[in-house]
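To start, the structure under review is shown below, and the notes come after it.
Here is how names work: the chains are called A, B, and so on, in the same order as the sequence lines, proteins then strands, and each is numbered from 1.
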2 protein chains.
Amino acid sequence: MKDTKVQIVESAITVFNTDYSASLDMVAEKAGIHRRTLHLYFGNRQALIACCKAEMMTTCQQAMTVAYQASSDPAKQLELMLYAGIDCGAKYAFLDKIYGHTAYGDVTQDEKNGTYDSIKAKWFKVIASLQQNGLVNQQLSIAWIFALFGSMITNTINVSNSGDVAQNDIKAFAWYSFSKSIGL
Amino acid sequence: MKDTKVQIVESAITVFNTDYSASLDMVAEKAGIHRRTLHLYFGNRQALIACCKAEMMTTCQQAMTVAYQASSDPAKQLELMLYAGIDCGAKYAFLDKIYGHTAYGDVTQDEKNGTYDSIKAKWFKVIASLQQNGLVNQQLSIAWIFALFGSMITNTINVSNSGDVAQNDIKAFAWYSFSKSIGL
DNA sequence: GCTATATTTCACATTTATGTGAAATTAATC
DNA sequence: GATTAATTTCACATAAATGTGAAATATAGC
């Protein structure tokens with residue numbers, strides 16, 4: 001039997017992805033528990049959302065790290081990171097709607113320098129490497145490329161949910177369009 | 001003195017763009033009237049939102065039509081339509097968050113055929129023309145290209161608001177990235 | 001100034017989500 | 001089986017937004 005707290009968070013993610021303004025009653029029902037129980041674990045709505053976000057952070061971080069380490073070719077790393085972002089984002093789409101993408105400005109200077117060994121730093125290293133070798137359009141600012149990356153992930157998830165594009169094609173389309181959009 | 005109803009709608013657009021869950025009191029205050037007055041014009045929240053949407057439809061339609069008619073070169077038409085979309089979307093960003101983009105599936109068959117002379121039909125004509133002449137990647141489905149177009153508009157607006165990219169560069173970046181992303 | 005229309009004020013009803021307290025019940029552990 | 005912990009039930013308090021009625025006031029047009 002799964003930990004109740006985990007169960008609640010998973011239910012919250014599912015429910016909020018369908019409707020972010022859904023009540024806590026709905027989340028509790030989905031988790032198969034009473035709302036009062038939910039409140040024993042999460043004092044209020046904020047706390048629950050924050051927990052969902054934390055969950056996403058670690059999950060995404062892991063998936064991205066795996067993607068990064070799977071190759072030493074920057075272009076391949078970028079491609080795999082895009083796929084990882086799509087897979088991850090599909091599960092946590094509602095958070096994107098609340099918080100929006102992490103803006104470039106939110107990334108600390110240390111992360112840009114690569115001092116901080118976070119996954120974002122790795123992403124920047126990949127782009128920097130591609131740009132230095134002239135494989136990516138050098139006119140485009142990194143902030144723009146970063147935004148494009150997030151935007152392509154969101155778009156891919158939306159299209160995937162809409163059912164307008166064959167599931168098999170989607171990731172290929174996403175990589176094609178993203179890579180071209182940065183001049184790769 | 002502006003028509004009260006118009007005033008309300010404009011205020012609603014401004015307020016809801018900042019915070020979609022803002023109360024009607026806030027909208028009324030912004031419009032410089034009493035909430036009771038707002039209710040004389042709009043029975044409920046839904047009605048107000050619907051009116052904002054209708055407003056957007058006509059405004060966008062007009063801007064797109066102007067863009068379309070400004071050139072006979074499909075690529076140029078597409079570029080100008082993208083810019084029109086960005087300008088328009090910036091004002092109505094909150095609607096995008098509620099309704100999402102119009103999915104390809106929402107476009108009627110008549111519109112795809114071009115029987116219906118709507119702006120969407122014109123957009124499809126432009127893409128079809130480019131694809132027939134081999135100027136756009138023929139592997140990509142029209143549904144995907146349509147989604148990309150909307151996604152690029154949303155992304156450009158977000159970036160513009162974030163302030164991370166120089167205002168002068170933004171539209172150029174958007175067109176560069178979008179045109180490349182479809183193989184143009 | 002009179003009249004018609006638009007707007008405000010005040011008062012209330014309703015709904016919905018939240019959050020909490022305390023006792024009762026259920027499940028788990030030893 | 002006794003004890004402890006987790007969960008449910010019921011009851012209530014609160015808060016915030018919404019929608020409406022009716023009288024009072026303001027505004028504009030003639």
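The nearest whole Å value for the distance from the CG atom in B:Leu24 to the P atom in C:dT15 is 18 Å. In this structure, A:Asp3 atom CG and C:dA28 atom P are separated by 14 Å, rounded to whole Å. A:Arg45 has its CZ atom 12 Å from the C1' atom of C:dT16, to the nearest Å. The separation between A:Asp19 atom CG and C:dT16 atom P is 14 Å, rounded to whole Å. Spacing between atom NE2 of A:His39 and atom P of D:dT9 amounts to 16 Å, rounded to whole angstrom units. Separating the CG atom of B:Asn44 from the C1' atom of C:dT15 is a distance of 14 Å, rounded to the nearest angstrom.
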List, one per line, each side-chain donor-acceptor pair under 3.5 Å for residues 67-76 of chain B, sequence neighbours excluded.
unit_1, atom_1, unit_2, atom_2, d
B:Ser71, OG, B:Asp73, N, 3.0
B:Asp73, OD1, B:Ala75, N, 3.3
B:Lys76, NZ, B:Glu79, OE1, 3.4

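With 3.5 Å as the limit, one finds a donor-acceptor pair spanning the side chains of A:Ser21 and A:Asp19.
Residue pairs meeting the ring-ring contact (aromatic ring centres under 6.0 Å, His included) criterion with at least one partner in residues 164-184 of chain B, sequence neighbours excluded, are A:Trp144-B:Phe173, B:Phe149-B:Phe178.
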TODO: Walk me through it: do A:Cys52 and A:Phe94 pass the test side chain to side chain contact (heavy atoms under 4.5 Å, CB included)?
DONE: CA-CA 10 Å; A:Cys52 292; A:Phe94 83 100; 4.1 Å; yes
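Contacts between residues 27-37 of chain B and DNA chain D, defined by a heavy-atom separation under 4.0 Å, are made by B:Arg35, B:Arg36.
Panel note: side chain A:Thr156, backbone A:Met152; a donor-acceptor pair is recorded below 3.5 Å.
Around atom CD of B:Glu29, no more than 12 heavy atoms belonging to other residues, nucleotides or ligands sit under 6.0 Å away.
Residue A:Tyr41 has a polar side-chain atom (N or O) positioned under 4.0 Å from OP1 or OP2 of D:dT7.
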